[in-house]
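Bear in mind that the values here come from a model prediction, so they are computed numbers and not experimental data. Excluded from the calculations below are hydrogen atoms, water molecules and symmetry mates; all remaining heavy atoms, backbone and side chain alike, are included.
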Amino acid sequence: MLLQLEVFTRSQAARLKRRRAACLSSVGIIRRLLNPASSRRARQKTSSCSNSGSNGKDNMKPRVRFAPSPTGALHIGGARTALFNWLFARHHGGVFILRIEDTDLERSTKEFEQSILDGMRWLGMDWDEGPFYQTQRMDLYREHVQKLLDEGKAYPCTCTPEELEAKRAQALAEGRKPKYDGTCRNRPAQPGKPAAIRFRAPVEGSVSFHDICRGTITFENRELDDLIIARSDGSPTYNFTVVVDDVTMAITHVIRGDDHINNTPRQVLLYEALGYPVPEFAHLPMIHGSDRKKLSKRHGAASVTEYREMGYLPEAVVNYLARLGWSCGDREIFSRDELIKAFDLSAVGSAPSIFDFEKLGWVNAQHMAKNTDDEIAAMTEPFLKAMSLDAGDRAYAARALATERERARNFKELAEISAFYFRDVIEIDPKATEKWLRGDNAKRLDTIKNRLALQDDWSEQALAKLFESALSEFGCKMLELAQPVRVSLTGSTASPGIYEVLSILGKERALKRIEAALQSVR
RNA sequence: GACCCCAUCGUCUAGCGGUUAGGACACCGCCCUUUCACGGCGGCAGCACGGGUUCGAGUCCCGUUGGGGUCGCCA
């Protein structure tokens with residue numbers, strides 16, 4: 001066997017330590033022996049690596065990366081992964097790298113890439129290096145493949161995809177785990193035939209790795225097979241590029257979704273075959289939809305841009321996402337800086353969590369409450385515009401929105417419930433009409449309209465006085481007077497205080513609306 | 001099917017051998033109130049099950065059940 005099965009084991013002590021010790025552990029950084037394209041990378045610090053292991057020097061700043069593939073928009077689950085990487089880097093004063101894994105030429109698009117970048121920026125996750133593109137690093141991968149080939153740690157495989165697929169189907173049908181059967185492993189090269197390159201994986205023993213969220217995870221090598229590291233067209237595959245990239249970018253901590261746990265043993269084997277130290281891993285629990293399945297488009301808003309469109313604050317989304325899988329005592333609301341300060345990978349749980357829109361709404365409302373009226377107006381304006389409403393008068397908008405802001409959980413909602421302030425003609429809810437604009441209610445409305453017409457001071461205090469005296473004259477309850485007015489002014493039975501609404505709308509518009517309401521039931 | 005991961009209120013979670021099992025969202029009630037909210041107070045609700053270990057188990061171990069993930073010349 002070419003590979004000494006040097007398994008990455010950890011001592012008991014290290015295991016016990018894992019919950020507590022934040023994660024600046026162990027992994028030494030490898031010397032950057034390859035020289036990649038980007039000039040920026042040339043400036044990066046390099047260091048020769050001590051061997052890995054928990055006794056290594058920890059003076060190295062952590063380097064982490066987020067590596068999305070531009071085959072879809074930035075998913076909310078991906079955003080959470082990015083966030084934990086970003087938070088970890090910022091907390092420890094480390095480096096956050098963005099890498100675009102665009103080797104799937106078929107499905108990768110510039111648009112998706114752009115939307116991922118936009119999403120990252122919107123959420124305020126800035127990166128220190130990159131974006132790097134795998135498609136620009138092909139020479140690097142080729143060199144590594146060649147190295148393994150030269151050392152006999154990889155071999156060409158001429159099995160056709162059809163043959164492979166047939167064997168896979170058969171294995172599955174027989175209830176076996178589909179694995180490559182090693183047909184080409186010891187077969188002499190077949191010149192002329194298109195060949196993929198497979199990694200010659202050990203068949204005995206086991207491979208273990210340390211996971212910050214879960215402790216030590218072990219796989220039996222017999223469960224693994226000889227994975228393809230380069231396709232027959234020469235392009236490298238994911239499990240290979242990720243190792244080469246993480247090594248050459250000197251990544252110290254690989255923080256990613258736990259759907260990658262099953263890839264990790266293969267990658268560890270690759271690190272070892274290549275003679276590189278293994279980084280620290282942290283596999284984050286997934287985010288599920290309400291059906292407890294991996295969150296996807298089917299569960300409603302899946303991409304982060306949709307949250308922007310729904311009027312959520314980026315810091316609220318970040319806050320909510322951070323609290324999914326991570327907690328900090330009883331604390332719920334955090335600003336971005338507070339998150340950076342408090343974040344601790346070792347406090348991340350290991351059970352999957354369900355995305356809860358209700359709670360996100362509450363968190364968003366908490367963050368909205370921190371904004372001034374003017375900021376609220378500025379942020380609501382685009383949503384008003386989207387409804388073809390004119391919110392050009394900022395002072396007016398600020399005053400109007402101030403009366404509604406506490407009733408909304410996001411800006412879209414705020415725009416919707418505040419629309420009556422910005423419309424010329426309002427629509428009245430038919431049920432409200434029946435209940436509050438008929439009979440005695442209409443009479444009272446007519447009378448108060450006439451009183452209001454004679455009133456010049458439309459301050460809230462003055463209006464209150466006017467209503468109070470009218471009340472004692474009519475001998476009715478406030479409710480019986482306020483609701484008809486409210487309905488005629490806003491179209492709804494629920495609104496801010498009636499004096500506020502009256503005062504903000506102003507005499508002319510208010511009277512016009514009351515008159516229109518009266519007309520409609522006549 | 002095989003392998004891997006996971007398991008405290010409906011949901012997010014605290015808990016790291018001794019707690020009346022704590023907080024938050026949601027829900028319900030009361031207060032505030034001209035409506036709806038906000039806010040305040042209170043309430044409902046949880047350790048999946050079975051074995052161990054221990055004086056003592058939500059906490060440690062094993063098993064069962066349940067859920068999820070992965071088994072590509074996708075990433």
Nucleotide nearest [X] when distance is taken to its side chain, options [options]:
X      : options             : value
A/W362 : B/A24, B/A75, B/G72 : B/A24
A/I217 : B/C71, B/C4, B/C73  : B/C4
A/Y238 : B/C5, B/U34, B/A75  : B/A75
A/H288 : B/G1, B/G22, B/G68  : B/G68
A/E101 : B/C4, B/A26, B/A75  : B/A75

Within the 6.0 Å centroid threshold, strictly below: A/H367 and A/Y320: no
So which protein nitrogen or oxygen atoms get under 3.5 Å of nucleotides 7-13 of chain B's nitrogens or oxygens?
from  : atom 1 : to     : atom 2 : distance (Å)
B/U11 : OP1    : A/R292 : NH2    : 2.2
B/C12 : OP1    : A/I354 : N      : 3.0
B/C12 : O2'    : A/R323 : O      : 3.0
B/U13 : OP1    : A/G325 : N      : 2.3
B/U13 : O3'    : A/S327 : OG     : 3.1

Tell me what [X] touches on the nucleic acid: a base, only sugar-phosphate, or nothing, going by heavy atoms under 4.0 Å.
X      : answer
A/T103 : sugar-phosphate
A/I261 : sugar-phosphate
A/K179 : nothing
A/H283 : nothing
A/R99  : nothing
A/I417 : nothing
A/N263 : base
A/R331 : nothing

Where protein sits on nucleotides 40-50 of chain B, one letter per nucleotide: B base, S sugar-phosphate only, - none, heavy atoms under 4.0 Å: -----------
Carboxylate-amine/guanidinium proximity below 4.0 Å for A/R438 and A/E434: yes
A/E375 bridged to A/K370 by N-O distance under 4.0 Å: no
Nucleotide [N], atom [atom2] - distance to [atom1] of [X] in whole Å:
X      : N     : atom1 : atom2 : value
A/K177 : B/G69 : NZ    : P     : 16 Å
A/R266 : B/C4  : CZ    : P     : 14 Å
A/E223 : B/A2  : CD    : C1'   : 7 Å
A/W436 : B/U34 : CH2   : P     : 14 Å

Identify the nucleotide, in any strand shown, that forms a Watson-Crick or G-U wobble pair with [N], with both distances under 3.5 Å; if there is none, say none.
N     : answer
B/G39 : B/C31
B/A7  : B/U65
B/C44 : none

Whether A/F240 and A/H144 hold their rings parallel, tilted or perpendicular, with breakpoints at 30° and 60°: perpendicular
Parallel, tilted or perpendicular: rings of A/H283 and A/F281 (30°, 60°): parallel
Cation over ring face, A/R266 and A/F199, 6.0 Å, 45°: no
RNA chain B-proximal residues of residues 461-481 of chain A, any heavy atom under 4.0 Å: A/M478, A/L479
